[in-house]
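Let me begin by presenting the structure, written as structure tokens, before commenting on it.
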Amino acid sequence: MMNRKIKIALSLFVTILLGIFAGLLYQTRVEAINLLTAPMETRNLPSESPADYNLPFEEVTVTNGDGMRLAGWFIPSENGAVIIMQHGYKATRREMLNEAAMMHKHGYGILLTSVRAHDYSEGENITLGIYEMSDMEAWYQYLLTRDDINPNQIGMLGNSYGGMLAIQYAAQNLDIKAVVANCAFSSMPDTVSTSVKHFTGLPEFPFVPLIVFWAEQNTGIKMEEIDTTKYIPLISPRPVFLMQGGQDTVISPSSGQILYDAANEPKELWFDEALGHTEFDKERAEEYEERVVEFFNQYLLGE
């Protein structure tokens, strides 16, 4: 009688454990899909345009190498130089309007870009830079069709995910003359725990390893392939200016130093222990403007 009760209890215990494990697998698979897909009906969309900042602009559409139409804004240049500005993960072009207004004031043209599965651009899958390079190339080729800019005076500025895309693309395109990256992540292995916790609210164990597993299964992309430290040294001898906040909860606060150590000269790191993710342009607005303008003036205009 006792053995039968023990067997029933063990069977019940195993059933409960299997149920919990099945629940974990289901929840983490759903989270992985949510992190790496963005159907139009689930997206953030721009709530402002350059018109809200009294900026002259054109609506621009390009088609990437995969046939997807991408949405952007172009703000004319007064000095011949232009800066490609790329927003962050699951954000929109609106995120960069503050920076665009700042740089336009100093004569720069701005191309505010979006990539697949963001903003009004087509596509639903986010590949964290693997296929988005086709998107950045389409935007660069668009600039070459304009006769109102100097193709030898093109720089890039990106926030977070956009900073990573800027670094990776500049490493592949030698005609990008200077890069500013505001809180770009150094690599997925370095920042995955911080980022997953931020975007899902789930603790690191046991959720992060399972989410990574499902993400790799669904995309065919290994997390170790997403590594900005492989690309940043290739930018040299062109300059890169990195920013990182010590209170960042979106990516690893160590990302800035890791990228700086991986980069070759000329390079610069602005680390502020008190700042969170991509807060430099708002919390340190005056210094941000001074340093970014000076950087681009030196390396794009030769001043």
Side-chain angles (χ1 to χ4, degrees), residues 19-39 42-44 86-92 95 115 117-118 124-130 132 158-168 181-230 232 242-262 269 271-283:
I20 291 172
F21 185 64
L24 277 174
L25 290 178
Y26 175 79
Q27 182 179 6
T28 52
R29 185 172 185 273
V30 168
E31 293 292 349
I33 291 171
N34 288 340
L35 286 169
L36 295 175
T37 61
T42 68
R43 291 186 204 170
N44 293 315
Q86 177 57 48
H87 61 71
Y89 169 80
K90 291 198 174 181
T92 74
E95 180 182 74
V115 292
H118 287 79
E124 294 189 355
N125 296 318
I126 300 169
T127 65
L128 301 175
I130 301 299
E132 284 81 0
N159 278 358
S160 189
Y161 172 53
M164 179 272 289
L165 294 178
I167 290 169
Q168 185 172 338
N182 185 352
C183 297
F185 65 77
S186 56
S187 69
M188 191 53 67
D190 170 60
T191 199
V192 65
S193 296
T194 304
S195 297
V196 167
K197 182 178 180 181
H198 174 84
F199 288 109
T200 70
L202 297 172
E204 179 174 356
F205 184 83
F207 294 98
V208 170
L210 287 171
I211 289 172
V212 168
F213 168 79
W214 285 119
E216 292 181 338
Q217 292 297 307
N218 291 337
T219 64
I221 298 168
K222 295 296 184 183
M223 289 298 106
E224 56 265 26
E225 293 179 40
I226 303 167
D227 187 352
T228 320
T229 65
K230 296 188 302 184
I232 198 167
L242 303 165
M243 303 175 199
Q244 181 60 54
Q247 302 304 309
D248 202 326
T249 59
V250 179
I251 67 167
S252 164
S254 63
S255 287
Q257 188 64 52
I258 292 171
L259 286 172
Y260 180 79
D261 291 341
L269 172 63
F271 180 81
D272 191 317
E273 178 61 46
L275 294 187
H277 192 61
T278 67
E279 291 182 344
F280 286 84
D281 65 303
K282 294 181 174 61
E283 297 299 322

> So, the side chain of E273 versus the backbone of G245: is there a donor-acceptor pair under 3.5 Å, distance only?
Replying inline: no
> Stepwise, does the side-chain contact (heavy atoms from CB on, under 4.5 Å) test hold for L242 with F271?
Replying inline: CA-CA 8 Å; L242 303 165; F271 180 81; over 6 Å; no
>> Determine whether a donor-acceptor pair (N or O, by modelled atom type, separation under 3.5 Å) exists between the side chain of E132 and the backbone of L165.
In response: no
> Yes or no on side-chain contact (heavy atoms from CB on, under 4.5 Å) for L128 and I221, after CA distance, side-chain angles and deciding distance?
Replying inline: CA-CA 10 Å; L128 301 175; I221 298 168; over 6 Å; no
> Which atoms form the tightest heavy-atom contact between S193 and E204, and what is the distance?
Replying inline: OG-OE2, 3.1 Å
> Considering residues at least two apart in sequence or located in another chain, which fulfil the side-chain hydrogen bond (donor to acceptor under 3.5 Å, both in side chains) criterion with Q27?
Replying inline: none
>> With a 4.5 Å cut-off on side-chain heavy atoms, are I167 and L259 touching?
In response: yes
> Of all heavy-atom pairs between I258 and S186, which one has the smallest distance, and what is that distance?
Replying inline: CG2-CB, 3.7 Å
> Looking at OG1 of T37 and CZ of R43, how far apart are the two atoms once the value is rounded to the nearest 0.5 Å?
Replying inline: 10.0 Å
>> Would you say the rings of Y89 and F199 are close, in the sense that their centroids are separated by under 6.0 Å?
In response: yes
>> How long is the straight-line distance from CG of N44 back to CD of E95, given to the nearest 0.5 Å?
In response: 10.0 Å
>> For the CG atom of L210 and the CZ atom of R29, what is their distance to the nearest 0.5 Å?
In response: 13.0 Å
>> If the condition is side chain to side chain contact (heavy atoms under 4.5 Å, CB included), which residues does S187 pass it with, not counting sequence neighbours?
In response: P189, D190, D227
> Looking at residues at least two apart in the chain, or sitting in another chain, which of them share a ring pair (Phe, Tyr, Trp, His ring centres under 6.0 Å) with H87?
Replying inline: H118
> Are there more than 12 heavy atoms of other residues, nucleotides or ligands under 6.0 Å from atom NZ of K90?
Replying inline: yes
> Which atom names give the shortest non-hydrogen contact between S255 and A184, and what distance separates them?
Replying inline: CB-O, 3.5 Å
> Under 3.5 Å, is there a donor-acceptor pair between the side chain of E31 and the main chain of T200?
Replying inline: no
> Has the side chain of S195 got a donor or acceptor atom that lies under 3.5 Å from a matching backbone atom of V250?
Replying inline: yes
> More than 12 foreign heavy atoms under 6.0 Å from OH of Y26: is that the case here?
Replying inline: no
> Considering all heavy atoms of both residues, which atom of A215 and which atom of M223 are nearest to each other, and what is their separation?
Replying inline: CB-CE, 4.3 Å
> Under a 4.5 Å cut-off applied to non-hydrogen side-chain atoms, are I130 and T219 in contact?
Replying inline: no
>> Return the CE to CD distance between M243 and E279, rounded to the nearest 0.5 Å.
In response: 13.0 Å
> Under the side-chain hydrogen bond (donor to acceptor under 3.5 Å, both in side chains) test, which residues partner D261, sequence neighbours left out?
Replying inline: Q257
> Short question: side chain of D248, backbone of I251 - any donor-acceptor pair under 3.5 Å?
Replying inline: yes
> Tell me, do M164 and Q86 make a side-chain contact under 4.5 Å, heavy atoms counted?
Replying inline: no
> So how far is it from I33 CD1 to N125 CG, rounded to the nearest 0.5 Å?
Replying inline: 10.5 Å
> Does T28 have any side-chain hydrogen bond (donor to acceptor under 3.5 Å, both in side chains) partners at least two apart in sequence or in another chain, and if so, which?
Replying inline: W214
>> Please give me the minimum heavy-atom distance between V212 and V192, naming the atom from each residue.
In response: CG2-CG2, 3.7 Å
>> Using a 3.5 Å distance criterion without hydrogens, assess whether the side chain of T278 forms a donor-acceptor pair with backbone atoms of N182.
In response: no
> A38 and I126: which non-hydrogen atoms are nearest, and at how many Å?
Replying inline: CB-CD1, 4.2 Å
>> Which residues pass the ring pair (Phe, Tyr, Trp, His ring centres under 6.0 Å) test with F185, not counting sequence neighbours?
In response: none
> Atom CG in D272, atom CD in Q244: separation rounded to 0.5 Å?
Replying inline: 10.5 Å
